[in-house]
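Start at 1 and go down the list; that is how both ligands and their atoms are numbered.
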Amino acid sequence: MTELSSALLEFVAAPNVTVVLSEDGCTVALESAGKPDHTSSYWDSGNDSGLYVEPEDATLFDAQRSPGDIEDYINDYNLTVPVSPELASSSSATPLGAIGISISGAPIFNDSEGNGDVSLGVIQGFDRNGAHTGPQTYHYHLEPKAISYDDDSLVGIMADGFLIFGRRCYSSADYPTDLDESNGHASVTLYTGSGAEDAEYHYHVSTEQYLNGDYYLIFPGNFQGTPGDIN
Ligand SMILES: [Zn+2]
Ligand SMILES: [Zn+2]
């Protein structure tokens, strides 16, 4: 195998992600500076980026937001994953910090904030993309609406090499009903062939409402593959 899959070509096309296929074609290295290619209230309000947007509720946001603007964080995220990841014999818990790289360039975090679960107070400090800054980077905890909003868009790639899509699945255009405890399942996607033999394991953004609100955790489960380090 010496060519990138069509899904990985989406990352090649993404302005804030760099993709390099290994010489033997078995692994792919992704690199990003952790900054998103979309608007956020976490860009500096001086708007040098051209991507700053006012928060929905400025008073609440100012009270609950995390310290620092996107520009304040200098990062270089590297992740090397197999081109054809396989399910592990047992799942593994996700660590704090980056657990995946999204198609926007910003990292994906799990459902924890420090030592606790993401709380309503933390959510009130998120931008419209379920994201905030700190401790080292801008990152998503919830469905990143600029990438996917109640649809089947490609959201990113997790540290175990499996892709993550929005709440809906291309295979049915609906919410998947056969998800495992990591919101994963095997089915065809936009990037596979259409036959039963083309089914590939992938994750979805959680379809369960979090804290009874219009909030959907991006990756609350365990890795079902073997995660590489994102460093
Ligand atoms: Zn966080
Ligand atoms: Zn699916």
*asked:* Taking Asp150 first and then Arg167, would you say they form a salt bridge - that is, a charged N and a carboxylate O separated by under 4.0 Å?
replied: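 A salt bridge links Asp150 with Arg167.
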
Query raised in the report: What protein N, O or S atoms come within a distance below 2.8 Å of the Zn ion (ligand 1), ordered by chain and number?
Result: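 Correct list: Glu113 OE1, His132 NE2, His139 NE2, His141 NE2.
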
Check whether any side-chain N or O of Ser41 sits under 3.5 Å from a backbone N or O of Val53 as a donor-acceptor pair, and report yes or no.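 Indeed, once roles are kept as given, a pair shorter than 3.5 Å links the two residues.
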
Quick one: does any side-chain atom of Asn75 pair with a main-chain N or O of Gln136 as donor and acceptor, under 3.5 Å?
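Yes, the answer is positive, given that a donor and an acceptor are paired below the 3.5 Å cut-off.
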
For Gln224, the option from Ser182, Ser92, Ser90 that meets side-chain hydrogen bond (donor to acceptor under 3.5 Å, both in side chains)
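One option only clears the test, and that one is Ser182.
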
### Message
Test side-chain contact (heavy atoms from CB on, under 4.5 Å) on Glu143 and Tyr149; report intermediate values, then the result.
### Response
CA-CA 7 Å; Glu143 174 182 66; Tyr149 178 57; 3.4 Å; yes

Give me the number of protein N, O or S atoms whose distance to the Zn ion (ligand 2) is under 2.8 Å.
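For the Zn ion (ligand 2), protein nitrogen, oxygen or sulfur atoms under 2.8 Å: 4.
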
Please determine which of Tyr52, Phe61, Phe126, Tyr140 meets the ring pair (Phe, Tyr, Trp, His ring centres under 6.0 Å) test together with Tyr42.
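Passing option: Phe61.
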
query: Parallel, tilted or perpendicular: which describes the rings of Phe165 and His204, with under 30° parallel and over 60° perpendicular?
result: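 The rings of Phe165 and His204 sit tilted, inter-plane angle from 30° to 60°.
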
- Closest approach of Gln124 and Gln64, non-hydrogen atoms and distance?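 Residues Gln124 and Gln64, closest heavy atoms: OE1-NE2, 3.0 Å.
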
Examine the side chains of Thr27 and Ser22 and answer whether a donor and an acceptor come within less than 3.5 Å of each other.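 Distance-only check passes for Thr27 and Ser22.
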
